[in-house]
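Please read the structure below before turning to the comments.
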Amino acid sequence: MPSHDVLIIGAGLAGQRAALAAADAGATVAIMSKVHPVRSHSVAAAGGINAALKPEDTWESHAFDTVKGSDYLGDQDAIEIMAREAPNEIIHLEHIGVTFHRNDRGELGTRAFGGASQARTYYVADITGQAILHVLYEQLMKYSTTVDRFEEWFTTSLITDESGSCVGCIARDIRTGQMEIFRAKNVILASGGAGQAWKPTTNGLICTGDGISQAYRLGAPLMDMEMVQYHPTTLVENGFLITEGARGEGAHLLNGDGDRFMEKYAPNKLELASRDVVSRAEQTEINEGRGAGPDGVGIYLDVTVVPKKRTLEALREIVNIGKDFAGTDITKDPILIRPGQHYIMGGVKTDAWGATPVEGLYAAGEVACVSVHGGNRLGANSLLDTLIFGRRAGEHAAQRAASMSMPAGKLGETELKRDVAQIDEIINRPKTGRRVSAIKDELGTMMNQNVAVFRDEAGLQKAHEIVHRLKEEAATAWIDDRGTVFNQDVLGAIELGYLLDTAEATVLSAIERKESRGAHTRMDFPDRNDDEWLKHINVTRNGGDEAAVSYSPVTITKWQPEERKY
Ligand SMILES: Cc1cc2nc3c(=O)[nH]c(=O)nc-3n(C[C@H](O)[C@H](O)[C@H](O)COP(=O)(O)OP(=O)(O)OC[C@H]3O[C@@H](n4cnc5c(N)ncnc54)[C@H](O)[C@@H]3O)c2cc1C
């Protein structure tokens with residue numbers, strides 16, 4: 001049975017950064033990923049990563065922009081840590097080999113991003129996530145004696161000891177179907193987001209909320225789950241992302257009448273207001289009949305105003321995406337976009353060291369809610385979040401491991417038997433119920449109708465009922481593949497369960513929050529209401545099936561809530 005000081009589930013940026021930090025602190029580490037690590041969704045991150053590194057910029061300004069962007073729901077102690085530690089993290093990345101863009105003077109160059117009062121986004125063309133992920137993976141190679149990599153292993157459950165501490169996981173080797181118990185002094189969840197609960201989404205097929213659900217099933221609280229980011233520029237046809245870097249380089253948004261409508265909604269920041277503000281503006285234009293394109297369901301993103309040479313250099317991937325997936329040459333014509341599901345601000349509740357209320361369990365990256373993004377994440381703050389809190393979780397877990405012995409006894413045997421039996425049961429289901437893929441499709445389309453940019457009680461209650469029905473249907477949903485080797489079908493059935501848990505927590509929290517804040521706009525409660533709702537919503541499922549809602553305070557250090565204008 002593999003035993004390690006620190007077991008990390010997920011090998012995107014958060015997981016790999018945590019692994020490097022834990023190994024540097026002297027811990028033995030296992031890092032597990034259901035896909036090859038460099039195929040984690042972090043590889044798709046395009047636009048960049050924020051840090052107040054220029055002499056004229058300050059960490060306080062970065063922190064304030066983040067607090068304001070969060071619509072005052074972000075915890076300011078954690079935001080301060082992130083903004084303070086950002087510059088050193090960028091320099092560290094540059095030193096280990098990330099080829100950040102440099103300006104004509106040879107200095108690290110920046111681009112402007114939404115909701116920021118300075119251009120403080122560092123980038124590698126529009127492949128920033130890929131560039132960082134590959135460099136971290138190279139670094140991991142150096143630690144071959146202390147870091148064991150379990151690539152294409154799928155975690156099915158977390159395991160606990162008699163006292164309720166997390167002491168490892170159960171996982172399946174995807175290549176062979178073999179199931180195994182992994183024992184660890186500490187577990188760090190770094191398993192990413194859950195965008196696949198919506199359709200369409202910018203997120204990869206692997207973003208299925210596994211860690212969120214696994215922690216939830218263990219009794220860990222999920223926080224800020226109602227806060228779901230719709231990115232302002234996703235392709236109308238399929239939800240592919242066109243990076244905010246396009247607007248950062250100067251692209252305009254135009255409605256069907258050709259008007260630069262952001263002048264009306266955010267006269268100062270225009271296209272570079274916060275994402276929630278821009279998505280709401282676009283959706284309002286579309287809903288009020290001023291949409292663009294054949295059915296009026298889109299908005300034009302006009303990149304032709306950016307010099308062509310610059311577009312070809314700094315936005316080359318979206319030039320390809322435009323051609324390949326929308327048939328549009330963005331250097332010549334405006335491209336049709338609309339708001340689309342992109343990111344979840346909520347996740348497993350942690351402190352600023354990544355520790356969850358479950359002893360021995362940490363979380364970092366998109367799976368976690370520290371909460372630095374509150375009601376709305378600023379573009380280019382997520383890569384930063386993964387690295388800062390991935391590192392801190394790795395350091396803290398290594399430290400905790402140093403003062404304890406390896407959990408012993410018959411740990412995980414019950415969970416192993418249960419998970420093996422569950423997989424057998426799924427594989428042998430009669431083809432009488434619905435297909436897994438049909439349920440997933442219905443879930444995604446339904447969430448995109450009812451739990452999107454604009455919400456109301458009726459839509460959310462409907463979503464609640466549908467999620468419950470889909471949960472029942474999922475219990476008998478069938479698959480085709482009955483084999484053991486690379487049986488992705490059976491993993492899809494397990495992932496559907498994770499998605500439904502995530503959707504349930506999201507819908508419950510959205511029903512609970514009776515105000516509009518950040519990305520959560522309730523048509524029936526259109527105003528922000530600090531008197532009653534300046535607090536986090538937590539959802540827990542302590543062992544049972546029924547979810548319970550509770551609240552926790554927002555930490556305010558320097559910045560009292562103010563009206564939010566861009
Ligand atoms: C298209 C796109 C563009 C983006 N651009 C930017 C940007 O420019 N700037 C920015 O700041 N943010 C951006 N974001 C957001 C940011 O990329 C993500 O929030 C961040 O990369 C998430 O990193 P992570 O390490 O938490 O998770 P991920 O990179 O998603 O990694 C999750 C890991 O967990 C593993 N895993 C999951 N479930 C299991 C399981 N059951 N068993 C084993 N392993 C499992 C996966 O294999 C993977 O290794 C973008 C997001 C998208 C979708």
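Both backbone and side-chain heavy atoms feed into the values below; hydrogens, waters and symmetry mates do not. Atoms within each ligand, like the ligands themselves, are counted from 1 in listed order.
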| task | Please find out if less than 6.0 Å separates the ring center of His41 from that of Tyr343. | result |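 They do not qualify: ring centres at least 6.0 Å apart.
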| If you measure only the distance, is there a donor-acceptor pair under 3.5 Å linking the side chains of Thr234 and Thr202? |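 Not at all, the side chains of Thr234 and Thr202 share no donor-acceptor pair under 3.5 Å.
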Answer with yes or no whether [X] contacts ligand 1, where contact means a heavy atom under 4.0 Å from a ligand atom.
X      : value
Gln16  : no
Thr128 : no
Ala11  : yes
Gly193 : no
Ile49  : no

| Region of Arg39 engaging ligand 1 - heavy atom pairs below 4.0 Å |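 The answer is neither; Arg39 stays 4.0 Å or more away.
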| field | Salt-bridge contact Arg377-Asp385 (side-chain N to carboxylate O under 4.0 Å) | value |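 Asp385 and Arg377: not salt-bridged.
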| query | Hey, is Arg247 close enough to Glu244 for a salt bridge, meaning N to O under 4.0 Å? | reply |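 Yes, Arg247 and Glu244 are salt-bridged.
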| said: For atom 19 (O) of ligand 1, tell me which residue out of Arg17, Glu366, His373 has the closest non-hydrogen atom. | reply: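 Checking each option, the heavy atom nearest atom 19 (O) of ligand 1 is found in Glu366.
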| query | To which of Gln341, His231, Lys34, Gln214 does the heavy atom nearest atom 44 (N) of ligand 1 belong? | reply |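 Answer by nearest heavy atom: Lys34.
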| Is there any N or O on Thr202 that sits under 3.5 Å from an N or O of ligand 1? |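 Not met; the criterion fails.
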| Phe150 vs Phe182 aromatic rings, parallel, tilted or perpendicular, using cut-offs 30° and 60°? |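 Perpendicular: the ring planes of Phe150 and Phe182 meet at over 60°.
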| Can any side-chain N or O of Ser42 pair as donor or acceptor with the backbone N or O of Leu13 at less than 3.5 Å? |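 It does hold such a pair.
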